[in-house]
Amino acid sequence: MPSYDENDIVEVKKREQRKKKLSRFIIFVLVVGVALGLYFTKDMWLKKMRGIGRQYSTIINSGTLAEGNFPIEITGEYSYQLKQTQDKLILLSDIHIFFYNTDGTLMRRRQHAYTNAVLQADNGKALIYENGGDDLCIEDEEDIIYEKNFENNIMFARISPEGYSAVVTTSNNYDCEVFIYDKKGNVIYERKCMERVNDISFTGQSSGCVISYIKAENGSLVTSVQQINFTESAEIWTSAGLNTAGLDVYGYDDGAFVVGFDACGYINGNGQISSYYRYDGDIAGGASIGGKSAVIINNDDRRKYVMVLFSGNDTESLVIDLGQEAVDVAVYDGLAYVMCKEEIRAYDFSGEVRSKAGISDVYSGFVRSSDYIFLKGYNRIDRIDYES
């Protein structure tokens, strides 16, 4: 049997204590490391964790029409266009432009002289141009900010969230010309195009844009998209032709979404076609923000009315059976809003109904603000409270 003197026993105890302290120190370092790792990567996992264990219930909004300044009556005007931006309603008729706040209070009204006037709005401002004419102006609820007159006819114009504007005109020597202006009306970029431009969408906080072109390939109309940076003369990339006649293009950080006449699809950040969806029916509307997209399709022959949702360029399409004719669609604050004949619904991009409200009259469309939905009637605008 081995024997130990007193010094051996003391040394053994010291070694055991050192091992315990070292183990506690290693555990402490590991815990701190994991905590720091979770903190610095919280943007990657926190959003995913928030939905775990949480059941969403569908919010039923009353759909009660607001009173007071509503409805906004539209009298003596043959047609109108309605936009919402920064808690303002902007209404353009054949003769006048009106600025209202969301309570329906009239802030400004003026008569315009445009024939075939078209309204675009963002950044709290209205862009008005004469379709097929040569005049354009940018204004807000206080005054006209600037006006432009062009040598050639305006095909269309767009305004960005930062207040920049894009104008596409006809040309004597090219198919069309593109002019980009900053928020003060100074030209910062020009482009002469050999093919017909059908839409433009600003990207990168108005540092660039995507441009969609319609052209013929093998006897069919296709839509090609280019990524442009306003500090460079050459395009960043040009996509292959998407097999549809494009109606609208929506740019975002990772590429573009094209809504076409009979199909839609994504172009990724390398200029490659990353998805394609052909409609089973007639398109009734499309919308996209930040890569999240929705289109509504009506097939009256088959009594089939659907909304198709896309979460991004590398995701599968999600088809929602609406059960009744779709009228209008919008993407707002991460949800897809669809107006049907009898109600408005908001869906998340997993296909769950998050909220809805019944409507009791015939409307041609709607615009969404943070607290309200504004309903476009034949000769009036109604408002309902809407919580999503």
Original post:
Do Phe98 and Met107 come within less than 4.5 Å of each other through their side chains, counting heavy atoms only?
Top reply: no
Original post:
Got a second to check how far Tyr146's OH is from Leu136's CG, nearest 0.5 Å?
Top reply: 6.5 Å
**OP:** Mark yes when over 12 heavy atoms from residues, nucleotides or ligands other than Lys125 sit less than 6.0 Å from its NZ; otherwise mark no.
**Re:** yes
**OP:** Verify the distance criterion only: is there a donor paired with an acceptor across the side chains of Ser160 and Ser206 at less than 3.5 Å?
**Re:** yes
**OP:** Please determine, by modelled atom types, if Asp175 and Tyr213 share a side-chain donor-acceptor pair under 3.5 angstrom.
**Re:** no
Original post:
Rounded to the nearest 0.5 Å, what separation is found between the CG atom of Leu106 and the CG atom of Leu89?
Top reply: 11.0 Å
Original post:
Are side-chain heavy atoms of Val308 and Ile296 found at a separation under 4.5 Å?
Top reply: no
Original post:
Heavy-atom count around Arg196 CZ within 6.0 Å, excluding the residue itself: above 12?
Top reply: no
Subject >> Exercise: do Asp321 and Tyr305 side chains pair donor with acceptor under 3.5 Å >> reply: no
Original post:
If every non-hydrogen atom of Arg191 is compared with every non-hydrogen atom of Ser233, which pair is closest and at what distance?
Top reply: NH1-O, 3.2 Å
**OP:** Quick one: sort the Phe257 and Phe310 rings into parallel, tilted or perpendicular, breaks at 30° and 60°.
**Re:** tilted
Original post:
When you look at CD of Glu151, are more than 12 heavy atoms from neighbouring residues, nucleotides or ligands closer to it than 6.0 Å?
Top reply: no
Subject >> Pairwise side-chain contact, Ile267 with Gln272, heavy-atom cut-off 4.5 Å (strictly under) >> reply: no
Subject >> Lys/Arg-Asp/Glu bridge criterion (N-O < 4.0 Å) met for Arg158, Asp199 >> reply: yes
Original post:
Should Ile359 and Phe366 count as side-chain neighbours, where that means a heavy-atom distance under 4.5 Å?
Top reply: no
**OP:** Would you check if there is a donor-acceptor pair between the side chains of Asn218 and Ser220 at a distance under 3.5 Å?
**Re:** no
Original post:
Do Val197 and Val167 belong together in a cluster built from hydrophobic side chains that touch within less than 4.5 Å?
Top reply: yes
Subject >> N-O pairing of Arg354 and Glu352 below 4.0 Å >> reply: no
Subject >> Within 6.0 angstrom of Asp282 CG, more than 12 heavy atoms from elsewhere >> reply: no
Original post:
Is there a side-chain contact between Asn131 and Phe156 (heavy atoms, below 4.5 Å)?
Top reply: no
Subject >> Asn61 side chain to Ala357 backbone, donor-acceptor under 3.5 Å >> reply: no
Original post:
In this structure, are over 12 heavy atoms from other groups packed under 6.0 Å from Glu232 atom CD?
Top reply: yes
Original post:
Between the main-chain N or O of Ser239 and the side-chain N or O of Ser224, is there a donor-acceptor pair closer than 3.5 Å?
Top reply: yes
Original post:
About how many Å separate CG of Leu127 and OG of Ser165, when rounded to the nearest 0.5 Å?
Top reply: 6.0 Å
Original post:
Under 3.5 Å, is there a donor-acceptor pair between the side chain of Asn69 and the main chain of Ile72?
Top reply: no
**OP:** Find out whether Asp361 and Leu375 are in side-chain contact, i.e. whether some heavy atom of one side chain is under 4.5 Å from a heavy atom of the other.
**Re:** no
**OP:** Please tell me if the side chains of Cys193 and Tyr174 come closer than 4.5 Å, counting only heavy atoms from C-beta onward.
**Re:** no
Original post:
Cationic tip of Lys292 within the cone over Phe349's six-membered ring, i.e. under 6.0 Å and within 45° of the normal?
Top reply: yes
Original post:
Once you round to the nearest 0.5 Å, how far does CD of Glu141 lie from CD1 of Ile97?
Top reply: 11.0 Å
**OP:** Before accepting this row, confirm whether a basic side-chain N of the pair Asp140/Lys88 lies closer than 4.0 Å to the acidic partner's carboxylate O.
**Re:** no
Original post:
Within the distance-only criterion (no hydrogens, no angle test), does the side chain of Thr244 pair as donor or acceptor with the backbone N or O of Gly246 below 3.5 angstrom?
Top reply: no
Original post:
Distance-only, no hydrogens or angles: does the Trp237 side chain make a donor-acceptor pair with backbone N or O of Gln226 under 3.5 Å?
Top reply: no
Original post:
Any chance the rings of Tyr181 and Tyr164 have centres within less than 6.0 Å?
Top reply: no
**OP:** Using a strict 4.0 Å threshold on nitrogen-to-oxygen distance, state whether Asp135 and Lys148 make a salt bridge.
**Re:** no
Subject >> Heavy-atom check, side chain of Tyr114 versus side chain of Cys137, under 4.5 Å >> reply: yes
Original post:
Would a distance-only check, ignoring hydrogens and angles, find a side-chain to backbone donor-acceptor pair under 3.5 Å from Gln81 to Leu119?
Top reply: yes
**OP:** Using a strict 4.0 Å threshold on nitrogen-to-oxygen distance, state whether Glu177 and Lys192 make a salt bridge.
**Re:** yes
Original post:
Given the rule that I, L, V, M, F, W and Y join up when any side-chain heavy atoms are under 4.5 Å apart, are Leu335 and Tyr250 in one cluster?
Top reply: no
**OP:** Could you tell me whether the side chains of Tyr347 and Arg345 share a donor-acceptor contact shorter than 3.5 Å?
**Re:** yes
Original post:
Do Ser370 and Tyr332 meet the criterion of a side-chain donor-acceptor pair at a distance under 3.5 Å?
Top reply: no
Original post:
Is the backbone of Ala117 close enough, under 3.5 Å, to the side chain of His112 for a donor and an acceptor to pair up by distance?
Top reply: no
Original post:
Within a radius of less than 6.0 Å around NZ of Lys215, do more than 12 heavy atoms belonging to other residues, nucleotides or ligands occur?
Top reply: yes
**OP:** Return yes if a side-chain donor-acceptor contact under 3.5 Å exists between Asn198 and Ser212, otherwise no.
**Re:** yes
Subject >> Side-chain donor/acceptor of Asn243 to backbone N/O of Val222, under 3.5 Å >> reply: no
Original post:
With distance as the sole test, does Asn152 use its side chain to make a donor-acceptor pair with the main-chain N or O of Ser171 at under 3.5 Å?
Top reply: no
Subject >> Approximate separation, where rounding is to 0.5 Å, of Asp254 CG and Asn313 CG >> reply: 6.0 Å
Original post:
So, Tyr337 versus Arg368: side-chain donor-acceptor pair below 3.5 Å or not?
Top reply: yes
Subject >> Lys/Arg-Asp/Glu bridge criterion (N-O < 4.0 Å) met for Asp103, Arg383 >> reply: yes
**OP:** Find the distance between OG (Ser369) and OH (Tyr386) and round it off to the nearest 0.5 Å.
**Re:** 12.5 Å
**OP:** Spell out, as yes or no, whether a donor-acceptor pair under 3.5 Å connects the side chain of Asn299 to the backbone of Arg303.
**Re:** no
